[in-house]
Amino acid sequence: MGHNKTPAAMPEITLASRGMVDGPSGPKPTKRLSRRNIMIYGILIVVSLYYLVPLYVMIVTSLKGMPEIRLGNIFAPPVEITFEPWVKAWAEACTGLNCDGLSRGFWNSVRITIPSVLASIAIASVNGYALANWRFKGADIFFTILIFGAFIPYQVMLYPIVIMLREIGLYGTLWGLVIVHTIFGMPILTLLFRNYFTSLPEELFKAARVDGAGFWGIYFRIMLPMSLPIFVVAMILQVTGIWNDFLFGVVYTKPEVYPMTVQLNNIVNSTQGVKEYNVNMAATLLTGLVPLAIYFVSGKLFVRGIAAGAVKG
Amino acid sequence: MAASRPNQLFRNMAAKIAAIPMIVTALVVFVGGTLWTVAYSFTKSRLLPKWDLVGLDQYERLWGTRRWLVSIENLFIYGVCMLVLSLVIGFILAALLDQKIRYESAFRTILLYPFALSFIVTGLVWQWILNPEFGVQNIVRSLGFESFTFDPLYNAKIAIYGILIAGLWQGSGLIMVLMLAGLRGIDQEIWKASRVDGIPAWKTYVFIIIPMMRPVFVTTLVIIASGIVKVYDLVVAQTSGGPGIATEMPAKYVYDYMFGGQNLGQGFAASTMMLLAVAVVIIPWAMLEFGGRKRGT
C-alpha cells in the first residue's frame, strides 16, 4: 500500500485531533510505517482478501472447463479461459424438463421486480406523506402495527396470504407475487418516506396549503420533486431486496414464473445428471450480477438505504 | 397542520383514502394473518385448513418430533454464534476503519458487498468452496497435509458451522456499517479527553465507547436476532437441510410441512413457535425503547 506522508495515515494522532480543525493540533511528524499502521492495514487487507475469495472463486470456476476443474484447485486461475459455461448457464441449463437456461428466470425476475418496485414505492411514499403531513386520528396506531409487522416472521403470514391470493385468483401468478412484495416492502419504505418527509421544512407545506393546494397537489408538485434522493434510495433497497428474494418466489409462484433465485437453486441443487460446477458457478454469478452492479454503482446510497432500514423510527 | 377538531370524519379524506393500503396491510395481513395462523395451529388441518379444534395436539407432536428439536438446536447454535461473532467482527472492523485510514471507502465497499448478494448465491458459493473434493480441504491436502479434514457440509456434527461461515460472510458487513455509524456518532471530545488522561485506546473502547454505544448495540442486536429466526434460503441453497437433518432450521420445517408435507397444522404450530421466539426478543426491546417516554413525531 502506498500510503505516503499524509497525516491522515497516522491514526494515533488524528484520532485525538479529529474535530480540532481550528486548534493548533500540531501532530508530530511521524514515520509512515509505524507498527500500528502496519497492523491495521495488515488486518484489513487480509480480511478484505477473505471477503473477496468467494467472488474470485466464482469467477475463475465459471471460466474453466470441467476437466480442468476436476484436476486443479478451485483457487487457481483458469489455464484456458472458456465462456462455454456462461452460455450454457444462460441458455441451456435444465430445471426439471425445461432446458432453456437461466434466461427464463432472469426475465421473470425482471417482470416481477419492475412492477413490485414501482407499486411498493408509490404506495409507501404516499403513506409516508400522509403520516408526515396529514396526520389523522389513528394513523400512528396503524403505523406502529405496520412497523411491528416487519418483525413478524414471514412464515406466520405465508398461508393466510396464499388463501387471500387464491380468493382473488392471483395465486401462482406473477402479479400475486408483485402484491406480496408490495405488502412486505411497505413497513420499511413507509418508515423511510415518513422520516424523510418529516425532515422537510414544514413552512413549505403550510405555504402550499395557504395557496390552496390539496393532498395530491402538494404531493406531486412539492414533495415528489424535493425527494428524488430518497426515491433513489428506496429503489436501490427494493430492487436488491426483491431480486434476492427466494421464499416468496417459491411459495407464491409456479415453475413457469419462478424468479431467478428459485430457478438458480433448482439448477444447482438438482439431483439428476452430472454436476457441472463451472455452469453452476456461472449461473450463480449471473444471478448475483444485478444486485452487485447496483451495489457497486450506487455506493453511498446503498449504505444509506440499509442504514435507514436499520435505524428505528 | 390541520387542527383536529372532533366530528370531522371527512376532513383529511384524501389522506385517509391514500392510507388505505397501509391500513389494510396492517390490519388484514399483519394482524389478521397472524391471528389466523395462531388460531389454526390449534386445529388438525392437513391438506387444507379445517376448523377442527384439537387443543395443543399439534404442539405436542411438534415438540416430540426429532426434526423440530434438531432445528431448534441448530437455530440456537447458529443464533448464538452469529450474534456474538458478527457483533465482535463487525465492531472490530468498524473500529479499524474508524482510525482515519486511507482507502477507507475501498475497504468498506469490499467488506459490505456480500450483503448485496442473496442467501441463495451465498449458500451456493460456499457449498462449492467447502466441497471436500475440490475446495478448501482438497487444497490443504495437496499442500502436503494428507490427513487434513475440513468438510463441514458433509459431516453432520459440524455442518451447522459451515452454514455459519457463509452467514457471517454475508452479514457481518452490515454490522460493520451500523457500528461504524455508531462510532462516528461519538463525540470526538471523548477521545481527546482519554488521550489527555493517557488511557490506552483499547481501554477507551471497552470502558467508554462501547457503553456509550449501547443504543446502537441494542438496535443491531434486534436486527441480527430477527434475521436469524428467518434463516431459510441460506440452508436451502447450501445443504438443503442435510446431511440427513443436520442443518434443518425452524423456517424450513414450516415451509416443508406447509407446502411439501401437506400437514398444515404442524406448519402453523411451528410458525407460531417462531413468532413466540421473536416476541420474546422484540417486546422487551420495544418496552425498553418506546415505553416510559412519549415520543413526538
Side-chain angles (χ1 to χ4, degrees), chain A residues 3 8-9 11 14-16 18-19 40 43-44 48 51-52 54 57-58 73-75 123 126-127 130 134 136-137 142 145-146 149 151-153 155-157 159-161 183 186 190 198 214-215 240 244 246-247 251 261 264-265 268-269 277 281 284 287-288 291-292 295 303 306-307 310 312, chain B residues 4 12 14-16 18-19 21-23 25-26 29-31 33-34 36-37 96 99-102 107 110-111 113-114 116-118 120-121 124-125 128-129 134-135 139 142 174 177-178 181 188 191-192 195 219 223 226 229-230 232-233 236-237 240 251 254 258-259 271 274-275 278 282 297:
Chain A
H3 44 289
T14 43
L15 254 184
R18 189 184 298 160
I40 291 176
I43 295 173
L44 282 175
S48 298
Y51 274 69
L52 283 172
V57 168
M58 264 195 281
N73 93 44
I74 60 169
F75 299 112
I123 289 177
V126 174
N127 278 343
W134 298 81
F136 53 90
K137 240 183 150 183
F142 298 124
I145 297 174
L146 199 69
F151 288 106
I152 301 175
Q155 282 73 19
V156 178
M157 294 172 280
Y159 205 84
I161 295 177
I183 287 173
M186 213 181 286
T190 304
T198 310
F215 184 85
T240 43
N244 286 342
F246 175 81
L247 180 65
V251 170
T261 47
L264 168 72
N265 186 53
V268 177
N269 283 329
Y277 297 108
M281 280 302 112
T284 308
T287 310
L292 272 187
Y295 172 71
V303 176
I306 60 168
K312 58 210 177 323
Chain B
S4 52
N12 242 345
K16 283 175 191 163
M22 177 183 82
I23 295 169
T25 300
V29 181
F30 290 174
V31 175
T34 304
W36 189 94
T37 299
L96 288 173
Q99 307 296 314
K100 279 227 165 163
I101 55 161
R102 304 187 76 192
F107 282 122
I110 292 171
L111 297 176
Y113 90 89
L117 293 170
S118 61
I120 297 292
V121 168
L124 295 177
V125 178
W128 174 232
I129 295 177
F134 302 99
I139 308 290
S142 67
L174 169 71
V177 167
L178 298 176
Q188 290 307 316
W191 279 109
K192 249 194 281 175
R195 287 258 331 148
T219 313
I223 290 166
S226 65
V229 181
K230 291 177 185 167
Y232 171 71
D233 346 10
V236 170
S240 313
V254 173
M258 263 188 206
F259 299 98
S271 56
M274 289 177 66
L275 178 67
V278 172
I282 297 295
T297 5

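Predicted model, so just to flag it, every value in this text is computed and none were measured. Heavy-atom basis, side chains included; hydrogens, waters and symmetry copies ignored. Letters go in sequence order (proteins before strands), and every chain restarts at 1.
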Kindly indicate whether the side chain of Ile152(A), heavy atoms from C-beta on, has any atom under 4.5 Å from the side chain of Leu275(B). yes
Going by the rule side-chain hydrogen bond (donor to acceptor under 3.5 Å, both in side chains), which residues pair with Asn127(A) if we only count those two or more places apart in sequence or in a different chain? none
With a 4.5 angstrom heavy-atom cut-off, could you sort out which part of Val254(B) is near chain A: side chain, backbone, both or neither? side chain
Aromatic plane relationship, Tyr277(A) with Trp128(B) - under 30° parallel, 30 to 60° tilted, over 60° perpendicular: parallel
Which atom pair, heavy atoms only, marks the closest approach of Gln99(B) to Ile40(A)? CG-CD1, 3.7 Å
Residue part contacting chain A, namely of Phe259(B), when any heavy atom lies under 4.5 Å: side chain
Best-contacting candidate, Thr190(A), Ile161(A), Val268(A), against chain B by heavy atom pairs under 4.5 angstrom: Val268(A)
Could you pull out the closest heavy-atom pair between Gly149(A) and Phe30(B), with the gap in Å? CA-CD1, 3.5 Å
Whatever's closer than 4.5 Å to a heavy atom in chain A on Ile139(B) counts as side chain
Ranked by heavy-atom pairs below 4.5 Å to chain B, first place among Pro153(A), Pro54(A), Ser48(A), Gly288(A) goes to Pro54(A)
Can you see which heavy atom on Ile110(B) is nearest to which on Tyr51(A), and at what distance? O-CB, 4.1 Å
To the nearest 0.5 Å, what is the distance between CZ (Phe151(A)) and NZ (Lys230(B))? 8.0 Å
Nearest atoms (heavy-atom pairs only) where Ala130(A) meets Ala15(B): CB-O, 4.1 Å
Can you tell me which of Asn73(A), Leu44(A), Leu247(A) forms the most heavy-atom pairs within a distance under 4.5 Å of chain B? Leu44(A)
Given Thr240(A), Thr287(A), Ile43(A), Asn269(A), the one with more heavy-atom pairs under 4.5 angstrom with chain B than any other is Asn269(A)
For Val278(B), is it the side chain, the backbone, both, or neither that has a heavy atom closer than 4.5 Å to a heavy atom of chain A? side chain
Quick check: do Thr261(A) and Val121(B) have side-chain heavy atoms less than 4.5 Å from each other? no
Treating Thr25(B) as the side-chain partner and Ile183(A) as the backbone partner, does any N or O pair qualify as donor plus acceptor under 3.5 Å? no
Toward chain A, the part of Pro21(B) with a non-hydrogen atom under 4.5 Å: both
Tell me every residue that passes side-chain hydrogen bond (donor to acceptor under 3.5 Å, both in side chains) with Trp36(B), counting only those two or more places apart in sequence or in another chain. none
Give the minimum heavy-atom separation between Phe134(B) and Ile74(A), together with the two atoms involved. O-CG2, 3.4 Å
Proximity breakdown for Tyr113(B) and chain A, heavy-atom pairs closer than 4.5 Å: both
Show the numbers, then the answer: is there a side chain to side chain contact (heavy atoms under 4.5 Å, CB included) between Thr34(B) and Met157(A)? CA-CA 6 Å; Thr34(B) 304; Met157(A) 294 172 280; 4.0 Å; yes
Does any heavy atom of chain A fall under 4.5 Å from the side chain of Ala19(B), the backbone, both, or neither of them? both
So, for Met258(B) and Gln155(A), which heavy atoms are closest and what is the spacing to 0.1 Å? CE-O, 3.7 Å
Given side chains that start at C-beta, do those of Leu292(A) and Leu117(B) come closer than 4.5 Å, heavy atoms only? yes
